[in-house]
Each structure stands twice: as structure tokens, then as C-alpha cells.
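Taking it in order: structure first as C-alpha cells, then the write-up.
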Amino acid sequence: MCGINGVFHYRSGEPDRELVRRQAMAQRHRGPDDWDVWCEGPVALAQRRLSIVELSQAGHQPMANEDGSVWVTFNGELYNWPEVKPGLVARGHTLRGNSDTEMLLHLWEEKGADLVDDLRGMFAFALFDRPRRRLMLARDRFGKKPLYYHDDGQRIVFASELKALVLDPSVPREVDSQSVADFLTYQYVPSPQSILRGVRKLPPAHRLIADESGVRVERYWSLPVAADTSIRPEEAVEGLRSRLAEAVRIRLMSDVPLGAFLSGGIDSSSVVAAAMRAGAGRLKTFSIAFGGGAEEQSFDESRYARLVAERFGTEHIEERLEPDDLLAIVPHVGEILDEPMADGSIVPTFALSRLARRHVTVALGGDGGDELF
């Protein structure tokens with residue numbers, strides 16, 4: 001993941017570059033490898049980068065196109081970059097390296113705000129068109145990457161995390177009572193609301209465009225709901241298998257060490273199986289085992305993870321946690337979360353991520369499988 005933030009005075013005014021820098025520093029945990037702030041006229045864009053693809057300075061952000069007329073700060077990964085890149089080159093675009101971020105700049109030159117239709121991946125980004133004095137924020141179709149913003153009628157300030165956004169003294173800090181009610185109902189705060197009144201989350205599959213005429217938020221994609229009732233069961237099985245295999249294959253794009261979370265459940269086991277079949281090599285897999293009494297151990301599925309790891313020949317790394325270890329993690333989780341969330345699995349997930357980070361930079365997981373199926 002990376003951390004992005006910035007501000008755009010779409011009516012009048014100029015950014016406080018030092019404030020934007022401090023907001024970026026508040027997100028350093030999202031991007032330990034590189035950072036910068038670009039500030040000019042009414043806009044400032046910042047980036048905290050976790051380098052995954054294109055590790056050289058050719059991947060440095062915020063990034064501009066050839067003539068500096070378009071700038072972007074990007075969080076995410078665009079899986080169809082290898083397919084799109086040759087077409088951009090054939091159409092005369094000059095590329096500085098192999099960073100998927102460049103895809104945004106050149107598609108904007110060709111398509112403007114409709115570039116989101118060509119993106120296959122997970123993303124949140126801010127793109128500024130200097131000649132048009134126009135800012136676009138966009139978020140991926142399922143909202144995998146976060147993006148908060150505040151619009152005061154004169155300017156828009158945004159960040160990947162709420163803790164960075166509220167460093168701006170003009171951002172309201174009053175708790176939204178409706179968001180509290182939503183949290184008690186859904187166990188999280190649904191977009192577009194946030195826990196703070198006046199701060200919003202850009203919803204999944206939406207883009208925000210700000211210019212001198214104001215700010216508008218638009219949906220650019222909706223989940224297709226039409227069902228093909230003519231399909232046979234065996235076709236459905238093969239269709240699902242091929243789509244899962246393709247989804248995992250394209251996510252193996254990385255210039256840094258890559259591994260996978262492995263709980264032993266169907267979701268993560270399927271991802272590991274698909275990764276190995278796609279040629280992931282000697283994949284590192286990670287799991288958390290639970291110690292303690294019978295109640296704690298009833299949640300322990302590590303034996304299933306070991307069976308899957310043995311079946312596919314992964315380099316399996318396991319960490320056993322006692323109840324006191326889990327309790328010690330809770331304060332750290334509280335520091336990370338910007339909004340209340342009632343899913344207790346965040347605690348072992350934190351431990352699992354910490355374990356994996358000692359060995360790899362990127363880890364595939366099975367999250368989303370339960371929700372989809």
C-alpha cells in the first residue's frame with residue numbers, strides 16, 4: 001500500500017506545503033520506501049510510497065507526464081498495465097520506465113475522466129490537470145483502497161487516512177451521531193459517511209472532479225446483476241475456476257518478494273493453489289496459530305494450513321500466539337484504525353501482517369471470498 005494526500009484550492013488560495021508534508025509523514029507506515037510533495041499554484045500532491053513495481057527513480061511520485069501538464073499521486077496496482085503499455089507506446093506516448101502509475105497520466109491525455117473505465121486493479125489516486133485547473137479523485141470498483149476528503153466550499157483536502165486529514169486545522173473533528181448509529185447497526189461506518197461530521201469517504205466505483213465550477217461526485221461503474229440462467233453447472237464450475245486462476249495470476253506482478261496468507265480455509269487455500277499453478281515458484285506462506293486453553297484453540301486452524309503448505313510445497317512460516325500476545329496487540333491496532341470497526345479478526349490479521357513483513361513486501365490473501373460466495 002501507499003499513502004496519498006493533498007489539497008486543491010478550486011476557488012482561490014494556495015496550499016500550505018509544510019502542512020501537506022506533515023500529513024504525508026503521518027502516513028509513513030503506508031509507504032516507507034520513498035516520498036515527496038509537489039506543490040504549484042492552487043494544488044499540492046504528496047506521496048508515501050511502498051515500492052512494488054518499478055523500484056528505480058522512474059517510479060518516483062508524485063509523477064508527471066512528459067510536459068508536466070498532468071500530475072498524479074497513486075495508491076494501488078493496475079494489473080492490466082502489461083497489456084495497456086504497448087498500445088500507449090504505439091500511439092506515441094513516451095514512458096520513463098515500467099511503473100503502472102504512468103498508465104494514468106497517458107490515459108488521461110487520451111480519455112480524460114473516462115480513463116477509469118480502462119483500469120483493472122485496486123486503486124485510489126489524485127490526478128491534477130494544470131491547464132484545466134482540474135482535480136480528479138478516483139477509487140476502485142470495490143473500494144479496496146481508502147480515500148477520505150473534506151470540501152469546505154473553497155478547497156478540497158484529501159488523504160488515504162483520517163489521521164492525516166485531521167492534521168489540517170480546518171477539518172472538523174465533531175463525531176457524526178448518524179455514523180455512530182450506522183456503526184452500531186453494521187459494525188463499521190459505511191461510505192460516503194465517516195465517523196466525523198464533514199469528512200466523507202469517496203465511495204467505491206466513484207470519481208470526484210473539482211474545478212472552478214465546484215465539486216461533483218459521480219458513479220462510474222455498477223455491479224452487473226443480470227444472470228445467465230442457460231449456463232450448465234459444469235460450465236459454471238469451470239468458469240469460476242478459470243476466473244480465480246486469472247485473478248491470482250495477474251496479482252503475482254511484483255518486483256519485490258511476494259508471499260501469501262494461509263489460514264487453511266477454502267479462500268486462502270484456493271489462492272495459494274492458484275498461485276502455485278501459475279508459477280509462483282517457492283512461495284512463502286504465513287499463518288497464525290493460537291495457544292491458550294480449549295476455547296482459544298478451538299479457533300486454531302493452523303493444522304489445515306500446514307496440510308495445504310505441504311501439499312503445494314510452500315515455504316511455510318507460522319507464529320503461535322498466546323492470549324496475552326493478542327491483548328498486547330490491541331493498542332497497536334487502535335493506533336492504526338481511523339474509524340471504529342467491530343471485527344475482532346483485525347487483531348490476528350495485524351499479527352499475521354507483521355509476521356509476513358519480516359520476509360516479504362507483498363502478500364496475497366483470501367479476504368472477500370466469504371462475502372462473494
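Numbers for residues simply follow the sequence, beginning at 1.
- You'll find the ring centres of W108 and F128 outside the 6.0 Å limit.
- Note: F290 CZ to D325 CG = 11.0 Å, rounded to the nearest 0.5 Å.
- Rounded to the nearest 0.5 Å, atoms CD (E83) and CE (M103) are 9.0 Å apart.
- Contact of the D140 side chain with the L119 side chain is not registered, since no non-hydrogen atoms from C-beta on lie closer than 4.5 Å.
- Considering only heavy atoms from C-beta on, P340 comes within 4.5 Å of I195 through its side chain.
- Put simply, the side chain of V360 does not reach to within 4.5 Å of the side chain of V362, judged on heavy atoms.
- A salt bridge does not link E54 to K85: none of the charged side-chain nitrogens sits closer than 4.0 Å to a carboxylate oxygen.
- Side-chain atoms of T73 do not come within 3.5 Å of backbone N or O of A126 as any donor-acceptor pair.
- P32 and L50 get closest at one heavy-atom pair: CD-CD1, 3.9 Å.
- Residue D36 is tested with H60, Q47, Q61 for a side chain to side chain donor-acceptor pair (under 3.5 Å); the sole match is H60.
- In this structure, A273 and F312 approach most closely via the heavy-atom pair CB-CZ, 3.3 Å.
- Residues S51 and T361 come closest through the heavy atom pair O-CG2, 4.3 Å.
- Distance check: D100 CG to L78 CG gives 4.5 Å after rounding to the nearest 0.5 Å.
- Other residues, nucleotides and ligands contribute more than 12 heavy atoms inside 6.0 Å of the CZ atom of R354.
- Here the shortest heavy-atom pairing between G76 and K145 reads CA-CE, 4.0 Å.
- Under 4.0 Å is where a charged nitrogen must lie from a carboxylate oxygen, and between D33 and R49 no such pair does.
- Side-chain N or O atoms of Q27 include one that pairs as donor or acceptor with a backbone N or O of I4 at under 3.5 Å.
- R91 has a carboxylate O that lies under 4.0 Å from a charged side-chain N of E110, or vice versa, which qualifies the two as a salt bridge.
- A 4.5 Å side-chain heavy-atom check between V217 and L202 finds at least one atom pair inside the cut-off.
- Considering only heavy atoms from C-beta on, R358 stays 4.5 Å or farther from I317 through its side chain.
- Ring geometry for Y220 versus F123: interplanar angle under 30°, hence parallel rather than tilted (30 to 60°).
- One finds a salt bridge joining E246 and R249 here, because a Lys/Arg side-chain nitrogen approaches an Asp/Glu carboxylate oxygen to under 4.0 Å.
- By the 4.0 Å N-to-carboxylate-O rule, E339 lies close enough to K201 to be salt-bridged with it.
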With salt bridge (Lys or Arg N to Asp or Glu O under 4.0 Å) as the criterion, how do R130 and E40 come out once you've worked through the C-alpha distance, each side chain's angles and the decisive distance to 0.1 Å?
CA-CA 9 Å; R130 289 172 62 194; E40 182 178 295; 2.6 Å; yes

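- D176 places none of its side-chain heavy atoms less than 4.5 Å from the side chain of V189.
- A side-chain donor-acceptor contact under 3.5 Å links N80 to the backbone of R120.
- Here L364 contributes atom CG and L262 contributes atom CG; the two are 11.5 Å apart, rounded to the nearest 0.5 Å.
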Can you list the steps and then say if H29 with E161 is a side chain to side chain donor-acceptor pair (under 3.5 Å)?
CA-CA 11 Å; H29 54 281; E161 296 189 1; 3.0 Å; yes

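- The CD atom of E102 lies 9.5 Å from the OG1 atom of T94; values are rounded to the nearest 0.5 Å.
- Using a 4.5 Å heavy-atom threshold, the side chains of L19 and P169 count as touching.
- The shortest side-chain heavy-atom distance between I156 and L208 falls under the 4.5 Å cut-off.
- The two atoms that bring E318 and L355 nearest to each other are C-CD2, 4.4 Å, heavy atoms only.
- The CG atom of L88 sits 6.0 Å away from the CH2 atom of W81 when rounded to the nearest 0.5 Å.
- Counting only distance, with no hydrogens or angles, the side chain of N65 and the backbone of V70 share a donor-acceptor pair below 3.5 Å.
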CA sep, side-chain torsions, deciding dist, call: R311, S269, side chain to side chain donor-acceptor pair (under 3.5 Å)
CA-CA 10 Å; R311 167 64 178 82; S269 299; over 6 Å; no

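- Between W38 and W71, the ring planes lie parallel to each other; the angle is under 30°, not in the 30° to 60° tilted range.
- Nearest heavy-atom pair across G259 and L283 is CA-CD1, 4.0 Å.
- In the displayed structure, R243 atom CZ is contacted under 6.0 Å by at most 12 heavy atoms of other residues, nucleotides or ligands.
- Looking only at distances, no side-chain donor or acceptor of S287 sits under 3.5 Å from a matching main-chain atom of A305.
- Evaluated for a salt bridge (charged side-chain N to carboxylate O under 4.0 Å, His left out) with D211, the options R11, R216, R133 yield exactly one hit, R216.
- Ring pair F74/F125 is tilted by interplanar angle, where 30° to 60° counts as tilted.
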Could you walk me through whether D182 and Q193 pass side chain to side chain donor-acceptor pair (under 3.5 Å), step by step?
CA-CA 9 Å; D182 289 343; Q193 271 64 48; over 6 Å; no

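- Between D114 and R207, at least one side-chain N (NZ, or NE/NH1/NH2) sits under 4.0 Å from a carboxylate O, which counts as a salt bridge.
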